[in-house]
Protein chains: 2
Amino acid sequence: MPAKTKHSNRVTLDDVAREAGVSAITVSRCIRAPEKVAAPSRLRIQAAIDRLGYVPHMAASALASRRTNVLGLIVPSVTNSVFSDVLLGVYDAIETTGLSVQIANSRYSPSEEETLIRTFLAQRPAGLIVSGVDQTPTGRALLEAADCPVVQIMDVTDDPIDMLVGFSHFDSAASVVRHFMEQGYRRPAILSARMDPRSQVRVSGFRREAERLGIFDPRRVVTTQGRSSVGTGCQLFADLMARAPDADCVFCNNDDLALGVLFEAARRNIRVPEALGVCGFNDLEISAYVNPSLTTVATPRYRTGQEAVRLVAVALGPGVEEAERHLRLEAKLVVRASSQPGWTGPTAP
Amino acid sequence: MPAKTKHSNRVTLDDVAREAGVSAITVSRCIRAPEKVAAPSRLRIQAAIDRLGYVPHMAASALASRRTNVLGLIVPSVTNSVFSDVLLGVYDAIETTGLSVQIANSRYSPSEEETLIRTFLAQRPAGLIVSGVDQTPTGRALLEAADCPVVQIMDVTDDPIDMLVGFSHFDSAASVVRHFMEQGYRRPAILSARMDPRSQVRVSGFRREAERLGIFDPRRVVTTQGRSSVGTGCQLFADLMARAPDADCVFCNNDDLALGVLFEAARRNIRVPEALGVCGFNDLEISAYVNPSLTTVATPRYRTGQEAVRLVAVALGPGVEEAERHLRLEAKLVVRASSQPGWTGPTAP
DNA sequence: CTGTTAGCGCTTTCAG
DNA sequence: CTGAAAGCGCTAACAG
């Protein structure tokens with residue numbers, strides 16, 4: 001009977017060490033910091049790992065080192081394609097980092113978000129990515145006290161918790177108003193559902209700029225708390241037509257809503273863009289192909305996910321560049337047929 | 001100086017035990033199986049936990065018990081709304097189970113999927129949910145040997161690995177062909193991108209039924225390896241018109257493609273449904289609102305996610321109902337304007 | 001119903 | 001550059 005009886009049949013660090021003729025700690029080092037191990041040992045260890053098919057036990061590693069390789073990501077919704085694009089960026093960027101992502105879904109609820117922040121922090125994550133800049137005071141305090149990199153994404157603020165990558169919803173909305181004005185529209189409306197913080201900022205941006213230009217009218221602001229969808233867009237547009245039929249253009253707080261407006265307008269024989277200019281927000285793939293093609297604001301969702309991960313990875317590394325901690329990305333207006341009365345080109349790309 | 005110096009400031013099971021005047025193991029039991037602890041102790045322990053703000057250390061628990069509470073979920077894509085709906089079902093169902101989900105993205109690659117299966121299994125997950133029934137032989141072997149519940153989702157097979165919740169892609173496609181026939185169409189086409197196993201099964205289902213009815217023509221099968229999207233739908237439809245302009249109806253392998261067909265047909269002044277019947281697959285929200293509204297096959301995506309989690313939870317519990325291990329759900333044809341030449345109702349709900 | 005003992009597999013010192 | 005010793009925080013397996 002061997003001196004030490006193994007209960008599990010799992011291949012452990014000790015097995016590898018024995019196979020390679022070194023001690024366990026050397027194998028451990030070889031995995032985490034290969035440059036600190038002499039080349040000959042390194043080769044033997046690598047060979048032993050391959051031969052035995054060793055896979056590190058993350059829980060054991062986490063327990064011993066008091067740190068995990070888990071990057072927590074809190075988003076308001078996983079079905080919203082805005083966030084699924086962010087997620088894609090996160091997945092693509094994570095590959096080179098050795099981290100693993102864990103996603104949580106706050107359902108647009110600040111208190112659920114706070115709970116999730118707690119849960120994640122209890123796991124000692126390697127980093128945490130949260131959506132928006134409007135955490136609860138407690139949530140914010142928890143994040144400020146966290147001993148891991150924290151990245152806020154999807155919006156900008158003067159007062160970030162730690163790192164940040166986002167774009168200005170306020171400015172984007174204002175630029176839409178100006179675009180409508182330039183195209184000759186004079187009575188802009190705005191439609192919005194799911195009044196989450198970022199939607200609200202867009203509504204303010206719209207309002208401010210319209211006021212500045214002297215074309216704001218509160219009758220032309222139609223909102224609902226319900227979730228954003230194509231169906232909601234149809235409904236909100238019907239509401240708008242009932243309340244303020246004189247509206248000559250409409251900024252929809254996202255593309256789903258805008259698509260609904262486009263479809264409902266077609267049913268009512270309201271000509272877009274001649275009788276009604278339409279602009280969405282986000283630039284979903286479909287928006288370029290619908291008839292008429294949809295003017296919208298392209299938001300850097302994929303890039304946001306990618307950069308957020310990169311920021312965490314950099315922060316985890318040795319030298320942190322202070323200059324890189326806040327990334328202000330650009331959201332760009334994409335002008336298509338739905339907002340250009342003088343449009344003469346093709347209806348789709 | 002106290003007998004035992006704590007290095008970390010984390011609240012541990014021992015702290016709670018001391019506070020409640022019991023031993024650590026009793027606290028541990030109280031958390032995992034409260035009914036095995038006497039009521040008075042239980043109350044004192046609960047109070048101590050609350051007072052101290054104790055949060056269990058998952059890694060330590062995983063190490064000691066050789067099991068995690070992680071439910072692994074492998075999907076081909078996180079942006080595809082089909083899978084994000086599944087995900088939503090998973091998240092909603094997981095809440096009551098005490099498990100946590102970890103998502104991985106195989107990018108429609110069988111070999112990446114195999115790697116992910118390996119990675120997950122190395123973490124000793126509480127359960128594993130995989131998409132489809134076409135794992136690599138090695139992947140399948142790994143899953144068969146896994147000592148945790150495994151659920152295959154999104155398709156059906158006679159030969160599941162362990163548990164299964166899905167619906168028949170083959171039958172769904174066949175029912176679309178019959179529907180076209182009933183509506184008077186006689187020259188059906190099929191468009192498909194991203195030829196993943198389930199898309200291929202739908203193509204076979206279409207082909208088989210069309211052959212049975214004597215209306216199959218290979219010229220009317222247009223496929224591409226590229227990813228499925230609205231833009232691809234426009235493109236494939238253009239290809240179809242070039243190859244087989246006599247097609248009088250088209251089954252699109254998913255709604256994105258179908259939307260593209262609808263838009264491209266409008267641009268070409270091809271009247272739907274009179275000159276061309278269109279049917280999609282999946283029933284995205286937008287499909288009910290587009291003009292004309294889109295006939296499609298409603299797939300039980302949310303429910304699939306929900307049930308998959310439920311199956312795992314049940315399997316993890318004490319008594320497993322053998323009868324419940326395979327869940328065959330129903331995908332239902334939703335007939336709307338785009339496939340009914342005689343349509344007289346409203347264009348949208 | 002409760003406690004004792006002995007690790008789970010890895011990493012952190014601190015010495016060589 | 002390498003190793004020995006000592007846990008990380010929790011739970012399995014017995015005993016009482």
Side-chain angles (χ1 to χ4, degrees), chain A residues 3-45 48-49 52-70 98 122-124 126 147, chain B residues 3-45 48-49 52-70 98 122-124 126 147:
Chain A
K4 192 175 182 179
T5 308
K6 286 278 295 290
H7 295 90
S8 127
N9 50 0
R10 182 182 184 108
V11 178
T12 72
L13 213 52
D14 281 305
D15 298 328
V16 176
R18 215 169 301 126
E19 180 85 5
V22 294
S23 74
I25 184 62
T26 304
V27 178
S28 175
R29 277 202 197 95
C30 183
I31 289 166
R32 288 170 301 138
E35 73 283 2
K36 291 187 177 177
V37 173
S41 314
R42 195 160 57 209
L43 290 172
R44 287 209 319 284
I45 292 170
I49 288 175
L52 267 37
Y54 169 71
V55 182
H57 191 302
M58 296 203 338
S61 163
L63 180 57
S65 67
R66 294 127 201 243
R67 111 178 81 246
T68 65
N69 67 344
V70 173
Q123 293 179 59
R124 312 269 151 144
D147 61 349
Chain B
K4 192 176 183 179
T5 308
K6 287 276 295 291
H7 295 89
S8 128
N9 51 0
R10 180 179 186 112
V11 178
T12 72
L13 212 53
D14 280 306
D15 298 328
V16 176
R18 214 170 301 126
E19 181 85 4
V22 295
S23 73
I25 187 68
T26 305
V27 178
S28 174
R29 277 201 196 96
C30 184
I31 290 166
R32 287 170 301 139
E35 74 281 2
K36 292 188 175 175
V37 172
S41 314
R42 195 160 57 209
L43 289 172
R44 288 209 317 284
I45 291 169
I49 287 175
L52 266 38
Y54 170 71
V55 181
H57 192 302
M58 297 202 338
S61 164
L63 181 57
S65 66
R66 293 127 199 246
R67 110 177 84 248
T68 66
N69 67 345
V70 172
Q123 293 179 60
R124 311 269 150 141
D147 60 349

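Worth knowing before you read on, the calculation uses all heavy atoms, side chains too, and leaves out hydrogens, waters and symmetry mates. Chain identifiers are assigned alphabetically (A, B, ...) following the order of the sequence lines, protein sequences preceding nucleic acid strands; residue numbering begins at 1 within each chain.
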In whole Å, what is the span from the [atom1] atom of [X] to the [atom2] atom of [N]?
X: A:I45; N: C:dC10; atom1: CD1; atom2: P; value: 14 Å
X: A:M58; N: D:dC10; atom1: CE; atom2: C1'; value: 17 Å
X: B:R18; N: D:dC10; atom1: CZ; atom2: P; value: 12 Å
X: A:I49; N: C:dC10; atom1: CD1; atom2: C1'; value: 14 Å
X: B:D14; N: D:dG9; atom1: CG; atom2: C1'; value: 8 Å
X: A:N69; N: C:dC10; atom1: CG; atom2: P; value: 14 Å
X: B:R66; N: C:dG9; atom1: CZ; atom2: C1'; value: 10 Å
X: B:L13; N: C:dG7; atom1: CG; atom2: P; value: 20 Å

List, one per line, each side-chain donor-acceptor pair under 3.5 Å for residues 23-32 of chain B, sequence neighbours excluded.
{"residue": "B:S23", "atom": "OG", "partner": "B:T26", "partner atom": "OG1", "Å": "3.3"}
{"residue": "B:S28", "atom": "OG", "partner": "B:R32", "partner atom": "NE", "Å": "3.2"}
{"residue": "B:S28", "atom": "OG", "partner": "B:R32", "partner atom": "NH2", "Å": "2.8"}
{"residue": "B:R32", "atom": "NE", "partner": "B:S28", "partner atom": "O", "Å": "3.3"}

Check whether any side-chain nitrogen or oxygen of A:R10 sits under 4.0 Å from OP1 or OP2 of C:dC10, and answer yes or no. no
Any side-chain N or O of A:S65 below 4.0 angstrom from OP1/OP2 of C:dC10? no
Could you pull out all donor-acceptor pairs under 3.5 Å where a side-chain atom in residues 34-45 of chain B meets a protein atom, sequence neighbours excluded?
{"residue": "B:R42", "atom": "NH1", "partner": "B:P34", "partner atom": "O", "Å": "2.8"}
{"residue": "B:R42", "atom": "NH1", "partner": "B:V37", "partner atom": "O", "Å": "3.2"}
{"residue": "B:R44", "atom": "NE", "partner": "B:A20", "partner atom": "O", "Å": "3.0"}
{"residue": "B:R44", "atom": "NH2", "partner": "B:A20", "partner atom": "O", "Å": "3.1"}

Identify, residue by residue, the members of residues 21-29 of chain A with a heavy atom below 4.0 Å from DNA chain D, and return them in order of residue number, or none.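 Contacting residues: A:V22, A:S23, A:I25, A:T26, A:R29.
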List in numerical order all residues of residues 32-42 of chain B for which some heavy atom is under 4.0 Å away from an atom belonging to DNA chain D. B:R32
Considering heavy-atom distances to DNA chain D, does B:R67 or B:L63 have its closest nucleotide positioned more toward the 5' end?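 Per heavy-atom nearest nucleotide, the more 5' residue is B:L63.
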What pair of heavy atoms forms the shortest contact from A:Y54 to A:T12, and how long is it? CE1-C, 3.6 Å
Under the side-chain hydrogen bond (donor to acceptor under 3.5 Å, both in side chains) test, residues paired with B:E19 that sit two or more places apart: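 Partners of B:E19 by the side-chain hydrogen bond (donor to acceptor under 3.5 Å, both in side chains) criterion, ordered by chain and then number, come out as B:R51.
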Side chains of residues 57-65 of chain B: which donor-acceptor pairs under 3.5 Å do they make with residues two or more places apart or in other chains?
{"residue": "B:H57", "atom": "ND1", "partner": "B:A59", "partner atom": "N", "Å": "3.2"}
{"residue": "B:H57", "atom": "ND1", "partner": "B:A60", "partner atom": "N", "Å": "3.2"}
{"residue": "B:S65", "atom": "OG", "partner": "B:S61", "partner atom": "O", "Å": "2.7"}
{"residue": "B:S65", "atom": "OG", "partner": "B:R67", "partner atom": "N", "Å": "3.4"}
{"residue": "B:S65", "atom": "OG", "partner": "B:R67", "partner atom": "O", "Å": "3.2"}

Atom pair CZ (A:R66) and CG (A:D147), whose distance is rounded to the nearest 0.5 Å: 12.0 Å
